[in-house]
Amino acid sequence: MSKYRDVFLEEATEHLAEMSRALLELEKDAARAESIDLLFRMAHSIKGMAASLEYDAITQVAHRLEDHMQEVRSAGVAVDVAGMALLFRGLEMLESMVASVRETGEAPAHALQLNPAAAALVDPPDGEGAEKKA
Amino acid sequence: MARILVADDASFMRQMIREIIEAEGHEVVAEASDGVEAVACFKEHHPDLVTMDIVMPRCSGIDAVKGIRELDTTVAVVMCSALGQESLVTEAMEAGATDFIVKPFKPDTVVETLARALEKGGQ
């Protein structure tokens, strides 16, 4: 699996850089369809790769961002202030989790263990019994 | 042995599915990273089967299936979807896809689905 890990790290890093650029574009124009579409596709792609490697923490955050962008795409609306905050926080979480894979070679810890501010992005770790988020 | 075209915007996914396909003795004749390229590669290589990601830039996998079906009604096209994309899978099947597999790929399921699709061909 280590060769797939290397491909994941390379591709996820590129995707995160593209997401970061798209977020900056959205700050200027929150309805920019190309940026919304790109954020959806990049989050979707990171989710698929992370799921294949059983990086559940990354899968969960990427899935949350993908779902949010899908909602925005379907509604044909601009990303609102709360949505932008979610995207910035999610991107930051993904970057730190991908960095963790690069440094340790292991699946990253649950997002909430890395950063309590991830509560809006993920379900709690198993056994903590909080209500499941959509 | 079948000649297969793999279309996915993630090289990670292309590499993973290529390995499964080649381990079964099939040949990957080309890889495409978006829907436009998938249709162009199809015209050039005339594969026996296409694995097609749904979410891709420029032209989605669903539009690429429609493009391929205008050229060939018998080739097998297997969609690669993710959990939660049921409505897109339905749309792809209506557009002419033969079958689908769900990411993350399970090698046994991929092999079985491709074999079944090769038997069935286009709908």
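Everything numeric in this text was worked out from a predicted model, so none of it was measured. Numbered from 1 within each chain, the chains take letters A, B, ... in sequence-line order.
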For this session: Flag yes if more than 12 heavy atoms outside B:Phe100 fall under 6.0 Å of its CZ atom; otherwise flag no.
Result: no
For this session: Dump the intermediate steps for side chain to side chain contact (heavy atoms under 4.5 Å, CB included) on B:Gln85 and A:His44, then the final yes or no.
Result: CA-CA 11 Å; B:Gln85 290 189 318; A:His44 173 78; 3.1 Å; yes
Problem set entry | By salt bridge (Lys or Arg N to Asp or Glu O under 4.0 Å) - contacts of B:Asp99 (at least two apart) | B:Arg116
Exercise. Is there side-chain contact between A:Lys3 and B:Glu19, with heavy atoms separated by less than 4.5 Å?
Worked result: yes
Seminar exercise, completed: Expected contact set for residues 19-40 of chain A against chain B at heavy-atom separation under 4.5 Å reads A:Phe40
For this session: Could you tell me whether B:Glu27 atom CD has more than 12 heavy atoms of other residues or ligands within 6.0 Å of it?
Result: yes
For this session: With side chain to side chain contact (heavy atoms under 4.5 Å, CB included) as the test, would you mind laying out the steps for A:Arg41 and B:Met56 before giving the verdict?
Result: CA-CA 7 Å; A:Arg41 283 192 290 102; B:Met56 291 193 288; 5.9 Å; no
Exercise. Going only through I, L, V, M, F, W and Y residues with side-chain contacts under 4.5 Å, is there a path from B:Leu49 to B:Val29?
Worked result: no
Exercise. Are the side chains of A:Ser52 and B:Phe12 in touch, meaning some heavy atoms are under 4.5 Å apart?
Worked result: yes
Exercise. Within the side chain of B:Gln15, is there an N or O that forms a donor-acceptor pair under 3.5 Å with the backbone of A:Tyr4?
Worked result: no
Exercise. With the 4.5 Å side-chain cut-off for hydrophobic clustering, are B:Val36 and B:Phe42 part of the same group?
Worked result: no
